[in-house]
Amino acid sequence: MAIPEEFRGRVLAYCQEPEPEEADLLVLDQAWDSAESYLKGAGVTRPGPENAGRLALWLSVMLAMVLDEYDQRGAQFDAGKLQDNPVFRRKLTQLKLSEGI
């Protein structure tokens, strides 16, 4: 999947990527899908438009998670050594917890 069209502008603005290149869009789409799967695994699904307050809260969480993963994409190496990635750790834990669901 990809970032839904109705949220694409908000995601790009939040991640400060007004005109992303194709490679950046692929990474952002992957981060979106990953964040949505993470939340679904935790029992949190996207609210409908009739619940504007909850939708705004859900979207703010999604934006933060997408930006976090997007920013971490190049921060895994420091002085030639692989560093711990907290985004990866949280998502790996969620993946383990949702195994078989």
Side-chain angles (χ1 to χ4, degrees):
M1 294 189 53
I3 301 167
E5 215 35 62
E6 70 260 29
F7 299 130
R8 184 171 292 277
R10 291 180 188 177
V11 171
L12 296 179
Y14 193 85
C15 294
Q16 299 183 356
E17 288 289 348
E19 296 180 27
E21 295 178 5
E22 186 68 25
D24 291 328
L25 275 177
L26 290 172
V27 173
L28 285 166
D29 284 340
Q30 176 68 38
W32 177 272
D33 291 344
S34 179
E36 191 168 37
S37 292
Y38 179 89
L39 290 178
K40 279 182 185 175
V44 178
T45 57
R46 180 181 0 169
E50 67 281 353
N51 194 341
R54 185 159 170 79
L55 181 60
L57 182 59
W58 176 87
L59 185 57
S60 68
V61 171
M62 285 290 293
L63 291 173
M65 291 178 72
V66 169
L67 178 60
D68 194 24
E69 184 168 332
Y70 187 65
D71 278 350
Q72 288 290 334
R73 72 193 184 285
Q76 294 181 35
F77 290 92
D78 185 28
K81 293 179 69 180
L82 186 63
Q83 300 298 307
D84 189 40
N85 181 336
V87 174
F88 168 76
R89 288 280 164 217
R90 286 192 303 270
K91 290 186 179 182
L92 178 60
T93 299
Q94 184 64 30
L95 190 59
K96 289 176 181 178
L97 291 173
S98 63
E99 184 70 30
I101 291 178

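Heavy-atom basis, side chains included; hydrogens, waters and symmetry copies ignored. FYI, the numbering just counts along the sequence from 1.
- Each of Leu26 and Leu67 belongs to its own hydrophobic cluster when Ile, Leu, Val, Met, Phe, Trp and Tyr are linked at side-chain heavy-atom distances under 4.5 angstrom.
- For Asp29 and Arg8, the salt-bridge test passes: some basic side-chain N is under 4.0 Å from an acidic carboxylate O.
- Heavy atoms only, all atoms of each residue included: Met65 and Ala35 are closest at CB-CB, 3.8 Å.
- In this structure, the separation between CG on Asn51 and CG on Leu57 is 10.0 Å, given to the nearest 0.5 Å.
- Considering only heavy atoms from C-beta on, Leu12 comes within 4.5 Å of Pro20 through its side chain.
- Annotation: salt bridge (charged side-chain N to carboxylate O under 4.0 Å, His left out) contacts of Glu22 (sequence neighbours excluded): none.
- Between Thr45 and Leu39, the closest side-chain pair of non-hydrogen atoms is not below 4.5 Å.
- Distance check: Lys40 NZ to Tyr38 OH gives 15.5 Å after rounding to the nearest 0.5 Å.
- Annotation: salt bridge (Lys or Arg N to Asp or Glu O under 4.0 Å) contacts involving residues 48-57, sequence neighbours excluded, are absent.
- Atoms SG and CG, on Cys15 and Leu63 in that order, are 7.0 Å from each other to the nearest 0.5 Å.
- Summarising the geometry, atom CD belonging to Gln30 is positioned 13.0 Å from atom CG belonging to Leu25; distances are rounded to the nearest 0.5 Å.
- Annotation: the span from Trp32 atom CH2 to Met1 atom CE amounts to 9.5 Å, rounded to 0.5 Å.
- The aromatic rings of Trp58 and Phe7 lie tilted to each other, with the angle between the two planes from 30° to 60°.
- Residues Tyr70 and Val61 are members of one and the same hydrophobic cluster, defined by side-chain heavy-atom contacts under 4.5 angstrom among Ile, Leu, Val, Met, Phe, Trp and Tyr.
- With sequence neighbours excluded, the residues forming a side-chain contact (heavy atoms from CB on, under 4.5 Å) with Glu6 are Pro4, Arg46, listed by chain and number.
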Check the pair Leu28, Ile3 against side-chain contact (heavy atoms from CB on, under 4.5 Å), reporting the backbone distance first and the verdict last. CA-CA 8 Å; Leu28 285 166; Ile3 301 167; 4.0 Å; yes

